[in-house]
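Only one structure is covered here, and it is reproduced in the block below.
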Amino acid sequence: MTYSEADHVAMARALQLAKRGLETTTPNPRVGCVLMKEGRIVGEGWHQRAGEPHAEVIALRAAGDSARGATAYVTLEPCTHHGRTPPCADALIAVGVTRVVAAMEDPNPLVAGTGVARLRAAGIAVTTGLLATDAHELNIGFVSRMTCGRPWVRLKTAGTLDGKTALNNGVSQWITADAARRDGHRWRARACAVLTGIGTVREDDPQLTVRAVPCERQPLRVLVDARLDVSPSAKLLQGGGCLIATAIEDREKSAALAALGAEVVVLPNGQGKVDLPSLMRELGDRGINEVHVEAGLKLNGSLLRENCVDELLLYVAPMLVGDAAQGLFNLPELVQLDRAIRLQWRDVRFVGGDLRLLARPLKA
């Protein structure tokens, strides 16, 4: 399919609108819509929150009578199922749009091509694939949950040029500068959940909230704590909204944590630790699209070994602290390079005086 320059401009605008819901649409996808007629935009909109109108409906309301005969550019295939809102495909048909351009088909099994089919059955010209890669990246967590049953897991860490996260005595504040720390909070804000381990809670007592940048809703805080060793005074338990994954049944501790607003799920593996793949499936079942990990080298290593990491977000500070300092990942020694975890660079840029690397493991 050949698209015109006007098509590209309109879809780029729809994607720009969809990004406005980057932090708020969970568990729904981020979607934008632009209505074009006679070379001008007559209506546009984006989905803001689950339960509120979808992007197409908002754009149609903005267009009014001008929607008839227009082309709708939407970043995701219009839905056909009744959820908390009625089907968007039906709304587009009802107002008489003549053409729909969708960046990508919806991976949700409840839609998965039925939107395109319904629109075509109504006599509307439909094409898909315009700026599909951009649309996929924008909703990479939603796609992962719909197709794999688990969220997209982004492991964030910060270290020195020689790959260290803290001195041997535990001192780590601050390896990176303010700009990198603010940028890390932006990634927190877009995630549906922020995950850490009990070792990090003991050593740093983090809040795991978004503070350095504006944020309309706080992500779910998730703690991996195999023996329920977390202190009731831990900062991440303040204000509720914490899920604790453990490997033991302890009704007394679980009840005490529930009284603090936390929820405990028991997910043991054969080694008496938390089954991390099961935890990811549990989070997927809860509508979590993106998980942002901020943990220590042990949990980081476990997540990598168990193929639970989809993306690495690494901030590198221009300093050297020596071999005795603490590393990034607890991984076993290799004697063959073909056993290494190989990565693909996705983005490399400066953030203030630090370097930000985005990479994805190459999976077989």
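Computed over heavy atoms, backbone and side chain alike; hydrogens, waters and symmetry mates excluded.
Atoms CZ and CZ, on R190 and R154 in that order, are 4.5 Å from each other to the nearest 0.5 Å. A distance of 10.0 Å separates CD in Q326 from NZ in K298, rounded to the nearest 0.5 Å. Note that CZ of R120 is 8.0 Å distant from OG1 of T127, once rounded to the nearest 0.5 Å. If you take CD on E38 and OG1 on T71, they are separated by 11.0 Å, rounding to the nearest 0.5 Å.
Pairing each heavy atom of V213 with each of A189, the nearest pair is CG2-CB, 4.5 Å. The two residues Y3 and G129 have their closest heavy-atom pair at OH-N, 4.3 Å.
At distances below 3.5 Å, at least one donor-acceptor pair connects side-chain atoms of Q218 with backbone N or O atoms of V210. Not a single donor-acceptor pair under 3.5 Å links the side chain of E77 to the backbone N or O of E105. D162 places a side-chain N or O within donor-acceptor distance of the main-chain N or O of V321, the cut-off being under 3.5 Å. For the pair D285 (side chain) and E282 (backbone), a donor-acceptor distance under 3.5 Å is absent. Between the side chain of S231 and the backbone N or O of S233 there is at least one donor-acceptor pair closer than 3.5 Å. No donor-acceptor pair under 3.5 Å is formed between the side chain of R221 and the backbone N or O of L237. Listed for the D225 side chain is no donor-acceptor partner under 3.5 Å among the backbone atoms of I198. No side-chain donor-acceptor contact under 3.5 Å links T160 to the backbone of A317. Not a single donor-acceptor pair under 3.5 Å links the side chain of T128 to the backbone N or O of M104. R188 contributes a side-chain N or O that, together with a main-chain N or O of T209, makes up a donor-acceptor pair within less than 3.5 Å.
Between P206 and K235, every side-chain heavy-atom pair lies at or beyond the 4.5 Å cut-off. Residues L299 and T196 fail the side-chain proximity criterion, which asks for heavy atoms closer than 4.5 Å. Residues C33 and V31 have side chains not in contact (no heavy-atom distance under 4.5 Å, counting atoms from C-beta outward). Inter-residue side-chain proximity for L312 and F329 is flagged as met; some heavy-atom pair is nearer than 4.5 Å. N289 has its side chain out of reach of R30: every pair of non-hydrogen atoms, C-beta onward, lies at least 4.5 Å apart. Between I341 and V309 the shortest side-chain heavy-atom distance does not fall below 4.5 Å. With a 4.5 Å cut-off on side-chain heavy atoms, N300 and N330 do not count as touching. Taking 4.5 Å as the limit, some side-chain heavy atom of R342 sits within range of a side-chain heavy atom of L337.
Each of T176, L355, I175 was evaluated against V316; a single residue qualifies, L355, per the side chain to side chain contact (heavy atoms under 4.5 Å, CB included) test. Partner of T80 under the side chain to side chain contact (heavy atoms under 4.5 Å, CB included) criterion, out of N108, D106, T114: T114 alone.
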Working for salt bridge (charged side-chain N to carboxylate O under 4.0 Å, His left out), residues R227 and D250: CA-CA 9 Å; R227 294 183 295 276; D250 190 318; over 6 Å; no
Test side-chain hydrogen bond (donor to acceptor under 3.5 Å, both in side chains) applied to S278 and R281, step by step: CA-CA 5 Å; S278 293; R281 289 191 293 272; 3.0 Å; yes
CA sep, side-chain torsions, deciding dist, call: R13, E44, salt bridge (charged side-chain N to carboxylate O under 4.0 Å, His left out): CA-CA 9 Å; R13 174 58 180 167; E44 61 181 29; 2.7 Å; yes
E263/R286 under salt bridge (charged side-chain N to carboxylate O under 4.0 Å, His left out): CA gap, chis, key distance, verdict: CA-CA 13 Å; E263 181 183 357; R286 291 168 179 258; 2.7 Å; yes
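By the 6.0 Å contact criterion, CG on D65 is open, its count of non-hydrogen atoms from other residues, nucleotides or ligands being 12 or less. Counted within 6.0 Å of CD on E249, heavy atoms from surrounding residues, nucleotides or ligands total 12 or fewer; the atom is thus considered open.
With sequence neighbours excluded, the residues forming a salt bridge (Lys or Arg N to Asp or Glu O under 4.0 Å) with D183 are R186, R356, listed by chain and number. Looking at residues two or more places apart in sequence or on another chain, you find a side-chain hydrogen bond (donor to acceptor under 3.5 Å, both in side chains) between R305 and S302.
Within the structure, ring-ring contact (aromatic ring centres under 6.0 Å, His included) contacts touching residues 38-58 (residues at least two apart or in different chains) are H47-H54.
By the rule that hydrophobic residues join a cluster once side-chain heavy atoms approach within less than 4.5 Å of another member, V194 and V291 end up as members of separate clusters.
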